[in-house]
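Working notes for the structure below.
FYI, side chains are in, hydrogens and waters are out, and symmetry mates aren't considered; it's all heavy atoms of this structure. Order of listing sets the numbers, starting from 1, for every ligand and every atom in it.
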Amino acid sequence: MTDKDQKYQQNTMAIRGGYQRTHENEHSEALFLTSSYVFDNAEMAAQCFGDEIQANVYSRYTNPSVRSFEQRLAMLEEGEQCVATSSGMAAILSVIMSLLKSGDHIVCSRDVFGSTRVMIDKYITKFGVEVSYVALADLSAWQDAIKPNTRMLFCETPSNPLSEVADLEALSQLAKKSQALLVVDNCFCTPILQKPLNWGADIVVHSATKYIDGQGRCLGGAVVGSAELMEQVLGFMRAAGPTMSPFNAWVFLKGLETLSLRIKAHSANAAALAEWLVEHPKVTQVFYAGLPDHPGHGLAKKQQSDFGGVLSFCVNGGREAAWRVIDATQMLSLTANLGDAKTTIVHPATTTHGRLSPEARAEAGIAEGLIRIAVGLEDIVDIKNDLELGLSQL
Ligand SMILES: *Cc1c(COP(=O)(O)O)cnc(C)c1O
């Protein structure tokens with residue numbers, strides 16, 4: 001971070017942070033679509049390979065477009081360093097592979113992103129890393145799950161799709177006591193709404209695919225934390241190669257420019273929709289931490305600056321009724337993606353959470369009548385009207 005960047009407020013940093021113009025004086029950030037770099041002479045090549053001088057060698061190691069994105073996101077998360085990755089899953093994989101070893105134990109919130117669970121259960125455990133799952137908001141369950149070999153607490157807050165909230169400050173204290181790292185998946189809030197490092201988390205991971213892109217174009221991810229920890233993550237990333245593409249980094253840089261405005265608009269639309277759903281006669285329950293009677297409301301108010309764009313609600317009649325509502329909507333996109341300008345609708349029990357056993361699903365509170373909405377940026381009147389087309393079927 002340069003001194004010039006440090007004096008900027010968050011919204012300015014999201015637009016101007018982490019970029020140095022090239023000698024061409026371009027106004028919009030340059031895109032460096034190059035896999036490798038040339039050296040002035042043989043001696044310089046030797047020095048670059050020997051790490052005696054820092055220069056670009058190969059884009060699996062460094063790329064100026066990727067670097068700009070990393071610096072801008074690190075500033076927004078108020079972390080020392082950021083390592084960009086090819087996807088959100090690659091970010092989580094890089095954290096686990098670089099910082100854990102065989103015999104270590106992870107305590108993970110049970111309603112993390114579906115692929116996170118599959119990756120840990122099916123692949124990470126093959127290498128002798130153990131895992132226990134706990135309810136996100138149950139602090140004593142986290143405490144009870146910690147063992148002498150626990151080296152990582154992993155959570156995603158607020159949770160998907162029920163909007164449960166973890167106490168980041170309490171979890172970070174628990175992690176410190178147990179010499180474990182607290183890793184927070186901050187995809188749903190983004191640094192605009194929540195900065196987990198400031199609540200004591202050691203590492204933040206992102207799927208940039210969601211709100212950071214904001215328009216559903218590119219896959220990407222990122223890890224943010226102290227220089228010391230990021231050095232280790234970077235080591236794995238360089239050797240193993242789940243690298244962010246320069247083109248995607250350039251799209252994400254543009255995404256960060258409007259992130260703050262978009263997140264506020266997503267949150268405002270979601271809050272309005274949640275209030276409308278609460279009053280709707282066909283809706284039995286609404287899950288959104290922005291609602292005052294949601295159990296996570298107080299904590300969310302403390303550690304987030306707003307409540308984000310994802311909510312879910314329940315209808316009577318189970319799967320059949322939920323599918324009827326979804327199928328009768330016309331504008332909403334039936335897709336599991338989120339963080340897009342376009343509102344999306346999905347039935348968690350048969351899609352995002354379909355791989356869980358019925359018991360695990362029930363334990364996680366994913367009812368058959370539950371519908372998740374990732375509220376986009378369309379006019380709220382049209383979002384309500386479209387959902388009413390669905391709800392009027394019941
Ligand atoms: C989408 C998502 C991921 C995975 O990110 P990809 O970019 O799809 O690999 C991880 N965590 C959360 C919360 C997500 O929503």
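Protein residues with a heavy atom closer than 4.0 Å to ligand 1 are Ser87, Gly88, Met89, Phe113, Glu156, Asp185, Cys187, Phe188, Ser207, Thr209, Lys210, Leu219, Gly220, listed by chain and number.
For the pair Arg117 and Tyr133, the distance from NZ or CZ to the six-membered ring centre is under 6.0 Å and the angle to the ring normal is within 45 degrees.
Cluster partners of Leu389: none. The rule joins Ile, Leu, Val, Met, Phe, Trp and Tyr whenever side-chain heavy atoms lie under 4.5 Å apart, and it links nothing here.
Ring geometry for Trp250 versus Phe247: interplanar angle of 30 to 60°, hence tilted. Ring geometry for Phe69 versus Phe252: interplanar angle of 30 to 60°, hence tilted.
With Glu156 contributing its side chain and Phe188 its backbone, the two residues share no donor-acceptor pair below 3.5 Å.
A salt bridge does not link Lys384 with Glu388: none of the charged nitrogens is closer than 4.0 Å to a carboxylate oxygen.
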